[in-house]
*Asks:* 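Below you'll find the structure I mean.
Order of the sequence lines fixes the chain letters, A, B, ..., with proteins taken first and strands second; residue numbering starts at 1 for each chain. Quick note: numbers below take in every heavy atom, side chains included, and nothing from hydrogens, waters or symmetry partners.
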Protein chains: 2
Amino acid sequence: MEYLAMNELGLADQHGSFRGRMGRKRTSYDETGGYKSKNLHAERRRREKLSNRLLTLRALVPIITNMNKGTIIEDAITYIQELKKNVEVLTDMLQEMEASSSEEEIKKRVNGIDASEEMKQCGIKEDVQVSNIEGDKLWIKIILEKKRGGFARLMEKMACFGLELTDSNVTTSKGAMLVTACVEGAFGDNLTVQQTKELLTQIIKGI
Amino acid sequence: MEYLAMNELGLADQHGSFRGRMGRKRTSYDETGGYKSKNLHAERRRREKLSNRLLTLRALVPIITNMNKGTIIEDAITYIQELKKNVEVLTDMLQEMEASSSEEEIKKRVNGIDASEEMKQCGIKEDVQVSNIEGDKLWIKIILEKKRGGFARLMEKMACFGLELTDSNVTTSKGAMLVTACVEGAFGDNLTVQQTKELLTQIIKGI
DNA sequence: CGGCACACGTGAATC
DNA sequence: TGATTCACGTGTGCC
């Protein structure tokens, strides 16, 4: 019996067949002695499977140059290379993004350059000075690392300890913040100059 | 003349040949009448080229299941699908990263949730009130959007206009900041209540 | 042994 | 027409 084969690829091809090749008659071996190779059918199945694989591969590759078996594989090769490069580039970009959006970086972008480092470079150190002025009033001078909202937090904390500021003044420069103010102790003026200094020193550690 | 062919793929294979197939003798057509199909050599070249393509494709795919022609293509297919998914995922991650590291986001991460929006939700609006108290002193009340360092900037700007604060108080709640203070005009008290209010309104716009 | 995978040479179809 | 591509059936080696 003769085997009338449709173009294997053409049958399932969704993008258009290889070429418009039609089915072909093949020489039958029945006429000579009825012999047929045992693996004839197996070979047909194998070819069919291979063609289908090739076809699905074709469907995955977007760039179509030609519908040849060879160019299908060729395109697949270039496409894989493209994808590999894409993955590489994207991975690099992602790593860069992750590095630049770390907490460290955010801090820097908000506070400008690192205040602590700038202070070091300029030879400025944190400092607290407290001295008496008229009566029960204290005059304080605090140098601390410049931070956004630092002054507000400082005032909050001082208020928590009953320290009320009058005639306060804030200046920031070279990564440092200088606060001078007059202070009245609210707890019946029961803090000495030294105690106040120690208290303030503790406070600015938490700013 | 007979054509003794080595396994095409086996010859150039760097990962090991398909199978250990040896060369084979093919039936020569010289013995019958010296006929040879014209495209015999062309076909040989074609097959060789195709096998080489298949081989380079094989070299690109990292996962090796089997060295069959079919499985080569199969692996290539799954590999391409993997790469595609990788690209997709990476692209998504990158977009997410870009979105989350925009200025808008940084602001939010620094200030907590969006202060402006919270104020809206709570029905709080920016406001400036100025009124006279004893003599040449003014009492002011300012409601503005809460921002890190906002109070410090406010005081800086007010100082620029010669406004000195005494008995100032700051409270923040629901995305808003409430500042109350006593003010003394430094320019010879030459600002009326209304002028001071307008000045403060302008100032808080730039905070 | 049978099944499998392959390369081969060939006729046919397409450009 | 000539060049190229394809599917086919087969022989053969390997497991």
*Asks:* Provide the full list of side-chain hydrogen bond (donor to acceptor under 3.5 Å, both in side chains) pairs with a residue in residues 120-130 of chain A, sequence neighbours left out, each pair given once.
*Replies:*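 Non-adjacent pairs meeting side-chain hydrogen bond (donor to acceptor under 3.5 Å, both in side chains): A:Asp127-A:Gln129.
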*Asks:* How close or far is atom P of D:dT4 from atom NE2 of B:His41, stated in whole angstroms?
*Replies:*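 These atoms are roughly 14 Å apart.
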*Asks:* Specify the separation, in whole Å, of atom CG of A:Leu40 and atom P of C:dG2.
*Replies:*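 The answer, rounded to whole Å, is 17 Å.
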*Asks:* I need the CD-C1' distance between B:Glu74 and C:dA5, as an integer number of Å.
*Replies:*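 To the nearest whole Å, that distance equals 15 Å.
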*Asks:* How long is the line joining CD1 of A:Ile72 and P of D:dT5, in whole Å?
*Replies:*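 My rounded result for the distance is 13 Å.
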*Asks:* For the pair made of CG in B:Leu50 and P in D:dT4, what is the distance, rounded to whole Å?
*Replies:*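 Answer to the nearest Å: 15 Å.
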*Asks:* Does anything in residues 76-92 of chain A form a side-chain hydrogen bond (donor to acceptor under 3.5 Å, both in side chains)? List the pairs, not counting sequence neighbours.
*Replies:*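 Qualifying pairs: none.
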*Asks:* What's the verdict on side-chain contact (heavy atoms from CB on, under 4.5 Å) for A:Val183 and A:Val130, showing C-alpha distance, side-chain angles and the deciding distance?
*Replies:* CA-CA 10 Å; A:Val183 179; A:Val130 181; over 6 Å; no
*Asks:* Considering only heavy atoms and no angle criterion, is a donor-acceptor pair shorter than 3.5 Å present between the side chain of A:Glu43 and the base of C:dC4?
*Replies:*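 When only heavy-atom distances are counted, A:Glu43 does not reach the base of C:dC4 through any donor-acceptor pair under 3.5 Å.
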*Asks:* Below 3.5 Å, does any donor atom in the side chain of A:Arg46 face an acceptor in the base of C:dG3, or the other way round?
*Replies:*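 For A:Arg46, whose side chain was compared with the base of C:dG3, there is no donor-acceptor pair (under 3.5 Å).
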*Asks:* Are A:Arg47 and C:dC6 close enough that a side-chain N or O sits under 4.0 Å from OP1 or OP2?
*Replies:*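 So the side chain of A:Arg47 is outside the cut-off, no N or O lying under 4.0 Å from OP1 or OP2 of C:dC6.
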*Asks:* Look at the side chain of B:Asn132 and the backbone N and O of B:Val193, then say whether any donor-acceptor pair between them is shorter than 3.5 Å.
*Replies:*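 No.
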*Asks:* Taking atom types as they are modelled, is there a donor-acceptor pair under 3.5 Å from the base of D:dG11 to the side chain of A:Asn39?
*Replies:*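 Looking at the base of D:dG11, it does pair with a donor or acceptor on the side chain of A:Asn39 (distance under 3.5 Å).
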*Asks:* Could you state the atom-to-atom distance from CG of A:Asn66 to C1' of C:dC15 in whole Å?
*Replies:*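 To the nearest whole Å, that distance equals 11 Å.
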*Asks:* Figure out the CG/C1' separation between A:Asn68 and D:dA7, and round it to whole Å.
*Replies:*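 Atom CG in A:Asn68 sits about 14 Å away from atom C1' in D:dA7.
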*Asks:* OP1 or OP2 of C:dA7 sitting under 4.0 Å from any side-chain N/O of B:Lys69?
*Replies:*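 Yes, within the criterion.
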*Asks:* OP1 or OP2 of D:dG9 less than 4.0 angstrom from a side-chain nitrogen or oxygen of A:Arg44, does that happen here?
*Replies:*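 Looking at the OP1 and OP2 atoms of D:dG9, one of them is under 4.0 Å from a side-chain N or O of A:Arg44.
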*Asks:* Would you kindly give the CZ-to-P distance between B:Arg45 and D:dA3, to the nearest whole Å?
*Replies:*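 Checked: the CZ to P distance equals 10 Å.
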*Asks:* Ion pair present between B:Glu48 and B:Arg45, side-chain N to carboxylate O less than 4.0 angstrom?
*Replies:*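 Here B:Glu48 does not pair with B:Arg45 in a salt bridge, since their nearest N and O are not under 4.0 Å apart.
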